[in-house]
Each structure stands twice: as C-alpha cells, then as structure tokens.
Colleague: 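Following this message is one structure expressed as structure tokens.
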2 protein chains.
Amino acid sequence: MGDELRGLADLDRIIHEPARLLIVTILSTVESADFLFLQREAGLTKGNLSAHLGKLEEAGYVEIKKTFKGKLPLTVCKLTKAGSKALTLYRQQMARFIDSTG
Amino acid sequence: MGDELRGLADLDRIIHEPARLLIVTILSTVESADFLFLQREAGLTKGNLSAHLGKLEEAGYVEIKKTFKGKLPLTVCKLTKAGSKALTLYRQQMARFIDSTG
DNA sequence: TAAACTGGTTTGTACTGCAGACTGGTTTGC
DNA sequence: GCAAACCAGTCTGCAGTACAAACCAGTTTA
C-alpha cells in the first residue's frame, strides 16, 4: 500500500470535519468574516457555528475578536497563519490521496 | 460561494471517516480481502476494524462472507457496487473541492 | 413597557470512534 | 491429555463529537 493511503490515518481531524472545513475554507478567501456572514455562507445553525469556532480557536486556527457594531455585539473571525497552513496541508494530503487512487 | 463548497455539507459520512475511507480504498484495489489482511494494511485494531466493517456492511458498501480456512474462521470482505459508486462519488466531490480552492 | 429582534452561548442528547476485555475454537508444549 | 498460548473476531465501556433547541443580554420597534 502506498504512503498516500497511510497518510489518511493522520489527517487533521479538526480540519477534516466538513463543517469546519467549510468554515476555514470560507475564511481563507476573505480577510475576515463576522459570525452571521459565516452562518449564512456555511448554512450552519448558530449553536453549531459557535461550537465549531470554539474548536478552531482552541486549535489556534482562527482568531476571534469580539467587538461592537454600533451598539450590537459583533464577532469577527480571521484565519491564523497556523490555520492557513493546516488547511493547505490538509488539501495536499487529500489531493495526494485522490491523485494516487483516481 | 461556489457549489464545490456547499457540496462539502453533504459528503457521505460513512466514507468520509478516514479509517473507512482507507478500508474501502484498499478494497477497491483487490477482488476481496480477509479480515487480518485488512487489519494489517489499514493499521487498525481488531475491534475498530470490526466496528467499521459493520457500518460499511450496514450501509451496503461491503459484502461480508464468513467462511473457514481449514478449521479457522475466516471473514472475507468485498466492495459492493454501491460501495464502489459511493467511493467514486466521494473522490469526485473532494477533487472538485480541492481543484476549486487549491 | 411589552414584544420582537440581534448576536451569539450554554445545555442536552444521540452518535461515533477507539482500545481493551472477552469468546469460541485450535494448535503447541510438556 | 491437558494447560497454556494462539487465532479470528465480537462485545463493552468510555471519552469525545456534532447538532439543534433553549436560553441570555442587550437593542429596537410598536
């Protein structure tokens, strides 16, 4: 068996989860994004998004800044260097797998 | 956001799990495989492999035949048509995602 | 001032993956 | 001949996960 397959075993589970893969991918295309924008784009419930952002922040993949837009709270999310790197690595692993088996 | 991203939301979770992706990918390269061969190739514990095979069988993605090799039990696994199709679809979705964002 | 909305967080539940304990049978050592 | 080790798997318990619904603090609208 090729290494591409063995590589599957150590995929980054933080990134591998589809909802989070969606989130980080969206974040990778913008400078930053607020909570509701992400919710609409990703099609997630608030609770779900909140939880996933929590994990991504804990993993050091996104930076979350709580501010205010006028008087309303506003949560702004931004992919970190580490997050960007993790996403790139993940895509490389997946691409390797697909190329090797497709 | 492109459809490639939305597509992430409905990835086949049965296939998406790395251990199972590994299993079905291995099975896609051989006519059939017995339990211990799969265990060695995939690097999984017996318990783990047994559970995953159960799910794959339940999903209709693998066919499991219990026979004997001499006097010892032997479990032979084979990818079904549906399993092969599911794997192909999964790879297409992933390829689409990677191409669109890479 | 009450009702409805905004922008989220916390809670509860059901599912999942995983390793280790266990089972039924077989071969080996003594 | 029988105990110990081994083979081929399954079952069990636990820790972690995702998800939606309930909740909360504050703000705008009626």
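In what follows, every chain begins at residue 1, and chains take the letters A, B, ... in the order their sequences are listed. This one's a predicted model, so the numbers in the text were calculated from it and none came from an experiment.
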Colleague: What integer distance in Å separates B/Phe68:CZ from C/dT26:P?
Modeller: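 Between P of C/dT26 and CZ of B/Phe68: 8 Å.
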Colleague: Without decimals, in angstroms, what is the distance between A/Ile64 CD1 and C/dG8 P?
Modeller: 10 Å
Colleague: Tell me whether the side-chain N/O atoms of A/Thr75 come closer than 4.0 Å to OP1 or OP2 in C/dG7.
Modeller: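 For C/dG7, OP1/OP2 do not have a side-chain N/O of A/Thr75 under 4.0 Å.
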Colleague: Roughly how many Å is it from CZ in B/Phe35 to P in D/dC7, rounded to a whole number?
Modeller: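 Nearest whole value for this atom pair: 14 Å.
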Colleague: Nearest nucleotide by nearest heavy atom, which residue falls closer to the 5' end of DNA chain C, A/Arg13 or A/Leu36?
Modeller: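 Counting from the 5' end, the first nearest nucleotide belongs to A/Leu36.
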Colleague: May I ask you to decide if A/Thr25's main-chain N or O and A/Ser28's side chain share a donor-acceptor pair within less than 3.5 Å?
Modeller: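 A pair under 3.5 Å: yes.
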Colleague: Quickly work out the A/Glu17 CD to C/dG17 C1' distance and round it to whole Å.
Modeller: 13 Å
Colleague: Check every atom of C/dG7, D/dT17, C/dT16 against the side chain of B/Arg20 and return the nucleotide holding the closest atom.
Modeller: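 Output: C/dT16.
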Colleague: Under 4.0 Å between a Lys/Arg side-chain N and an Asp/Glu carboxylate O for A/Arg13 and B/Glu17?
Modeller: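 Salt bridge present between A/Arg13 and B/Glu17.
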Colleague: Would you kindly give the CG-to-C1' distance between A/Leu72 and C/dT9, to the nearest whole Å?
Modeller: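 Computing the A/Leu72:CG to C/dT9:C1' distance gives 16 Å.
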Colleague: Between B/Asp34 and A/Ala51, which has a closest nucleotide on DNA chain D that is more 5'?
Modeller: B/Asp34
Colleague: Among D/dT10, C/dG7, D/dA18, which is the nearest nucleotide to the side chain of A/Lys46?
Modeller: C/dG7
Colleague: Relative to the ring of A/His16, is the ring of A/Tyr90 parallel (under 30°), tilted (30 to 60°) or perpendicular (over 60°)?
Modeller: tilted
Colleague: Choosing from D/dA18, D/dA20, C/dA19, which nucleotide comes nearest the side chain of B/Asn48?
Modeller: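 Among D/dA18, D/dA20, C/dA19, the one nearest the side chain of B/Asn48 is C/dA19.
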Colleague: Give me the atom names and distance for the closest heavy-atom approach of B/Thr80 to B/Gly60.
Modeller: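 Closest approach of B/Thr80 to B/Gly60, heavy atoms only: OG1-O, 2.6 Å.
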Colleague: Below the 4.0 Å mark, does C/dC18 have OP1 or OP2 next to a side-chain nitrogen or oxygen of B/Thr45?
Modeller: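 Answer is no, no contact under 4.0 Å.
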Colleague: Using a heavy-atom cut-off of under 4.0 Å over every strand shown, decide if B/Leu74 touches base, sugar-phosphate, or nothing.
Modeller: sugar-phosphate
Colleague: Both A/Gly47 and A/Pro73 contact DNA chain D. Taking the nearest nucleotide for each, which residue is further toward the 5' end?
Modeller: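 It is A/Gly47, whose closest nucleotide lies nearer the 5' terminus.
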Colleague: Rounded to the nearest angstrom, tell me the gap between atom NE2 in B/His52 and atom P in D/dT10.
Modeller: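 Going from B/His52 (NE2) to D/dT10 (P), I get 14 Å.
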Colleague: So does A/Ser50 get a side-chain nitrogen or oxygen closer than 4.0 Å to the phosphate oxygens (OP1/OP2) of C/dG8?
Modeller: no
Colleague: Any base atoms under 4.0 Å from A/Gln39, or only sugar-phosphate, or nothing? Heavy atoms, all strands.
Modeller: nothing
Colleague: Quickly work out the B/Leu38 CG to D/dA8 P distance and round it to whole Å.
Modeller: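 Checked: the CG to P distance equals 13 Å.
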Colleague: Which part of the nucleic acid, if any, lies within reach of A/Lys71 when heavy atoms closer than 4.0 Å are counted: base, sugar-phosphate only, or nothing?
Modeller: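 It contacts sugar-phosphate atoms only.
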Colleague: Given D/dT10, D/dA20, D/dA18, identify the nucleotide with an atom nearest to the side chain of A/Lys55.
Modeller: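 It is D/dA18.
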Colleague: If you look at every heavy atom in B/Gln93 and B/Asp10, which pair is closest and at what distance?
Modeller: NE2-OD1, 3.7 Å
Colleague: Whole-Å distance between D/dT10 P and B/Leu56 CG?
Modeller: 13 Å
Colleague: Minimum heavy-atom separation for A/Tyr61 to A/Leu79, with atom names?
Modeller: O-CD1, 3.4 Å
